[in-house]
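In what follows, a single structure is set out as structure tokens and then discussed.
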Amino acid sequence: MSKEKPLETKQPTVGQILKTRRAELGLTMRDIEVATKIRGKYLIQLERDDHHLPNDVYTRGFVQTYANFMGLSGRSLARQYAEERGDVIRAAAARLKPIKTPKIVLTPQFIAVLAASAV
């Protein structure tokens with residue numbers, strides 16, 4: 001008996017999901033652009049899975065707004081988009097280091113108290 005590999009079902013991309021849903025609803029790009037206030041060129045790039053869009057934070061917002069408008073889960077599609085794009089936000093956040101606060105902050109009030117106590 002030969003072992004057959006199970007067929008791998010590939011999950012549709014965010015662009016494919018958005019494009020399919022837009023077609024189901026019979027909406028044009030112009031309809032989406034007017035309703036969401038997202039420029040048409042960005043909507044087209046999203047549907048084409050073109051990840052050469054502006055800053056990742058803005059683009060995730062575009063995905064979330066677009067998806068929510070069409071009755072989809074914007075939050076989950078934005079998360080999927082970030083994974084498809086390479087999750088730039090988490091990688092950048094991992095490089096950030098917390099700001100160390102100084103132990104003593106010299107303010108005019110502190111200096112005045114210090115000067116008054118030295119007399």
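Predicted model only: the values in this text are computed from it and were never measured.
- The stretch residues 24-34 participates, sequence neighbours left out, in these salt bridge (Lys or Arg N to Asp or Glu O under 4.0 Å) pairs: Arg21-Glu24, Arg30-Glu33.
- Qualifying side chain to side chain donor-acceptor pair (under 3.5 Å) partners for Glu47, counting only residues two or more places apart in sequence or in other chains: Arg22, Tyr66.
- With sequence neighbours excluded, the residues that form a side-chain contact (heavy atoms from CB on, under 4.5 Å) with Thr65 are Thr36, Ile38.
- Atom-to-atom distance recorded for Leu72:CG and Leu18:CG is 7.0 Å, nearest 0.5 angstrom.
- Among pairs with a residue in residues 12-42, those fulfilling ring pair (Phe, Tyr, Trp, His ring centres under 6.0 Å) read Tyr42-Phe62, at least two apart in sequence or across chains.
- Within the structure, no pair that satisfies the ring pair (Phe, Tyr, Trp, His ring centres under 6.0 Å) test touches residues 11-31, not counting sequence neighbours.
- Partners of Asn68 under the side-chain contact (heavy atoms from CB on, under 4.5 Å) rule, at least two apart in sequence or in another chain, are Gln64.
- Side-chain contact check for Met70 versus Ile32: some heavy-atom pair is nearer than 4.5 Å.
- The heavy-atom pair separating Ala67 from Gly74 by the smallest distance is CB-CA, 3.7 Å.
- Pairs of residues two or more places apart, or lying in two chains, never qualify as ring pair (Phe, Tyr, Trp, His ring centres under 6.0 Å) while including a residue from residues 15-38.
- Residues meeting the side chain to side chain donor-acceptor pair (under 3.5 Å) test with Thr20, sequence neighbours left out: none.
- Shown here are the side-chain contact (heavy atoms from CB on, under 4.5 Å) partners of Gln80, two or more places apart in sequence or in another chain: Gln11, Val14, Ile17, Leu77, Glu84.
- Residues Tyr58 and Leu53 form no side-chain contact, since every pair of their non-hydrogen atoms from C-beta on lies 4.5 Å or further apart.
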Run the side-chain donor-acceptor check on residues 110-119: report pairs under 3.5 Å with partners two or more places apart or on a different chain.
unit_1: Ser117; atom_1: OG; unit_2: Val113; atom_2: O; d: 3.2
unit_1: Ser117; atom_1: OG; unit_2: Leu114; atom_2: O; d: 2.9

Q) Stepwise, does the side-chain contact (heavy atoms from CB on, under 4.5 Å) test hold for Leu27 with Phe69? A) CA-CA 11 Å; Leu27 298 170; Phe69 173 73; 3.9 Å; yes
